[in-house]
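This report refers to the structure that appears directly beneath it.
Every number for a ligand or one of its atoms is a count from 1 in the order of the listing. All heavy atoms count here, side chains included; hydrogens, waters and symmetry mates do not.
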Amino acid sequence: MSGGWAAKEFCEQGFNTLLIERGRNVEHIKDYPTTNMLPWEFKFRGDAPAKVREENPIAASCYAFGEDSLHFFVKDNEHPYIQTKPFQWIRGYQVGGKSIMWARQVQRWSNMDFEGPARDGFAVDWPIRYKDLDPWYTYVEKFVGVSGNKDGLAILPDGDFLKPFGTNCVEDYFSDQMKKYYKNRHVIYGRCAHLTESKPIYVEQGRGLCASRNICHRGCPFGGYFNANSTLIPWAMKTGNLTLKTDSVVHSIIYDKDLKKAIGVRVIDTHTKSTIEYFAKVIFLNASTLNTNLILLNSTSDRFPKGLGNDSGLLGKYIAFHNYRGVITATHEGHKDRRVDGQKPTSAYIPRFRNVYRQETEFLRGYAAGFGASKEMDYDTSSIGEDLYNNLLKVKESDVWSVNSHMMGETLPKESNHVSLDENLLDPWGIPQLKVDVDYDENDEKMLQDFFDEFSEMYTKAGFTDIKTSDNQRKPGNDIHEMGGVRMGHDPKTSLLNKWNQMHHCKNVFVTDGACMTSTSTQNPSLTFMALTARAANHAIEEMKKGNI
Ligand SMILES: Cc1cc2nc3c(=O)[nH]c(=O)nc-3n(C[C@H](O)[C@H](O)[C@H](O)COP(=O)(O)OP(=O)(O)OC[C@H]3O[C@@H](n4cnc5c(N)ncnc54)[C@H](O)[C@@H]3O)c2cc1C
């Protein structure tokens, strides 16, 4: 998702660009084999077979892993890594990466997020603020297509939105109740990367409107949601400046100590296992957080014996993620005469409200949450034809609404949460295996309890009944929002990248995926990765034109 942005920017501005991908090509529409299949056409009705689940406990722990999508997920035994502590590393190794299977939630960061580490005294200060990214969020949103409401909230800035699908009556009811009882708790429409309006830019991309099929993880033949395959990659290809090299695993970056810069990459061909070198003036590293860490750690030379740009010794450290362990469910006895008509590809979103304007809890930072309301219908299907149709429209008093929320907690980047290379074990391409040593801490446990307490109170105030909280015990990584290890900062002694995502000690290498993140905030992060990438690519282009890199 982020690498596609770098490719698009360079290609559009006339640079010969090589996009290197370890996996196979996935062409829009042609390579979505299940996209138009109906439930009864799947041998296992859409569920991944038990044997596949048993053989792939990591991949199968992802909610989107099913019979209809398993071809897009990395299989556990094909790409081994070492879990020093349990870490569910969910990966998609193909052109388009995880942008094919993602859940398309896109919320901007606010200044409160960029100021967080400096204000609350953890990690290091971000070298940028919201104003630096604001125009790039807009730039990305206009190309991607984001459906949302203008909510006017300081904690979650508005963007350049297409019209929303809307919220349902119980989601609206909960929103009204929260306004009544709290000053700063908002239940809003979850902004999502779906086309709800046609505009010339989307027609030019060849994309159509989202039809709310809600099977996006199979790939969408209309291009109704954003993935790199239907947008960035064909867009870059159309310029004639893109060369796409698939089945090529980047092993390491080649550094020239005389020129004092990186000159290219070493790549292993996945079929022949032979090593090939490619040379370039500028390198963008977008292998997704942990693989980007791995490549840099593996890029050793006389000048950088601990990994490229790693004079500080901090490469691979301060990994953080999102705590998705908290879940709350309840029943809503009201709105008995109402039902949900049709479906939508997003639900309601509750931006962070804890520790926003002042430190009010024993833990640092806070959490956002999703909110969804649905009605389980007890349909009368005893007839056929018009009678069946009319029966399906009937709303029964006995049908009740279910509501639920899941927590999206910020974890604090810590030196002890780190990745490193194993000294003995290699992967099938002869590259050292990654060791992941990442875990929750006391701050996360306190935050989880606070989510249970606060949401139980909010649900009670809204009149919901049968309230149940649960800790789903998800392992780190299962949130699929791993970040850090190559963090941005002002000071080369405490960070790896400057404010342009440029390595402090190797100026023609840029890291713009999640590895660059100094802290994680609560929002789904990919929109920020994309905005950072577009900004950094345009900076790199200016610097190249000036002859600075
Ligand atoms: C089920 C699911 C739901 C999600 N929902 C959301 C959401 O709602 N909102 C959100 O913001 N995010 C979401 N995410 C996360 C989102 O997909 C990622 O943040 C995003 O894709 C990261 O972009 P990226 O470019 O860093 O990595 P990717 O999209 O994973 O792309 C990395 C690419 O690099 C390639 N690669 C890796 N190593 C090498 C190597 N050594 N050599 C060559 N190529 C290599 C990979 O094959 C891949 O194609 C979700 C993810 C999943 C799986």
| message | Taking distance alone, with N or O pairs closer than 3.5 Å, would you say Phe73 contacts ligand 1? | response | no
| said: Using a 3.5 Å cut-off on N or O atoms only, is Val250 in polar contact with ligand 1? | reply: yes
| field | Ala64 and ligand 1 - part of the residue with a heavy-atom distance under 4.0 Å | value | side chain
| message | To the closest 0.5 Å, what do you measure between OG (Ser519) and CH2 (Trp126)? | response | 5.5 Å
| Partner of Lys435 under side-chain contact (heavy atoms from CB on, under 4.5 Å), chosen from Thr84, Leu425, Leu421, Val419 | Thr84
| task | Nearest 0.5 Å please: distance from the CG atom of Asp31 over to the NE2 atom of His71. | result | 9.0 Å
| remark: Candidates Arg104, Gln105, Glu482; heavy atom nearest atom 9 (N) of ligand 1 found on Gln105
| query | For ligand 1, which atoms, with element, lie under 4.0 Å from some heavy atom of Tyr93? | reply | 46 (C), 47 (O)
| field | Lys/Arg cation over aromatic Phe143: Lys8, 6.0 Å, 45° cone | value | yes
| task | Examine the proximity of ligand 1 to Asn286 and report which part, side chain or backbone, both or neither, has a heavy atom under 4.0 Å away. | result | backbone
| Which of the listed options, Met101, Arg22, Arg24, holds the heavy atom that is closest to atom 2 (C) of ligand 1? | Met101
| Enumerated ligand 1 atoms positioned under 4.0 Å from heavy atoms of Ile295 | 41 (N)
| task | Find all atoms of ligand 1 within a distance of less than 4.0 Å from any non-hydrogen atom belonging to Gly92, and give their numbers and elements. | result | 46 (C), 47 (O), 48 (C), 49 (O)
| query | Is it the side chain, the backbone, both or neither of His251 that has a heavy atom closer than 4.0 Å to ligand 1? | reply | neither
| message | Please report the interatomic distance CE(Met1) to CD1(Ile100), rounded to the nearest 0.5 Å. | response | 10.0 Å
| query | Of the protein's non-hydrogen atoms, which lies at the shortest distance from atom 49 (O) of ligand 1, and what is that distance? | reply | Glu21 OE1, 2.5 Å
| field | Phe42 vs Thr34 side-chain heavy atoms within contact, under 4.5 Å | value | yes
| request: State the atoms of ligand 1, each with its element, that fall below the 4.0 Å cut-off from a heavy-atom position in Val249. | output: 41 (N), 42 (N)
| said: List ligand 1 atoms under 4.0 Å from Asp513, heavy atoms only on the residue side. | reply: 26 (O)
| Enumerated ligand 1 atoms positioned under 4.0 Å from heavy atoms of Cys62 | 1 (C)
| request: Give, for atom OG1 of Thr289 and atom CZ of Phe321, the distance between the pair rounded to the nearest 0.5 Å. | output: 13.0 Å
| request: Check whether any heavy atom of His217 sits under 4.0 Å from an atom of ligand 1. | output: no
| When you measure from the centre of the six-membered ring of Tyr318, is the NZ or CZ of Arg487 under 6.0 Å away and within 45° of the axis? | yes
| message | I want to check something: taking the side chain as every heavy atom from C-beta on, are Met101 and Phe65 in contact at a cut-off of under 4.5 Å? | response | no
| How far is atom 30 (O) of ligand 1 from its nearest protein heavy atom, and which residue and atom name does that atom have? | Lys98 NZ, 2.9 Å
| request: Please identify which atoms of ligand 1 are closer than 4.0 Å to at least one heavy atom of Asn524. | output: 7 (C), 8 (O), 9 (N), 10 (C), 11 (O)
| query | Between Val95 and ligand 1, which residue portion shows a heavy-atom distance shorter than 4.0 Å: side chain, backbone, both, or neither? | reply | neither
| query | Does Ser248 reach ligand 1, in the sense of a heavy atom lying below 4.0 Å from it? | reply | yes
| To the nearest 0.5 Å, what is the distance between OG (Ser347) and CD (Gln105)? | 6.0 Å
| message | I want to know if ligand 1 touches Met1 in the polar sense, i.e. an N/O pair below 3.5 angstrom. | response | yes
| field | Passing option when Arg191 is tested against Thr346, Asn524, Asp158 for side-chain hydrogen bond (donor to acceptor under 3.5 Å, both in side chains) | value | Asp158
| field | Those atoms of ligand 1 less than 4.0 Å from some heavy atom in Tyr63 | value | 1 (C), 2 (C), 3 (C)
| Sole residue of Phe10, Phe529, Phe15, Trp500 in ring-ring contact (aromatic ring centres under 6.0 Å, His included) with Phe284 | Phe10
| Tyr349 and Leu156: CA distance, side-chain angles, deciding distance, side chain to side chain contact (heavy atoms under 4.5 Å, CB included) verdict | CA-CA 11 Å; Tyr349 183 88; Leu156 208 73; 3.8 Å; yes
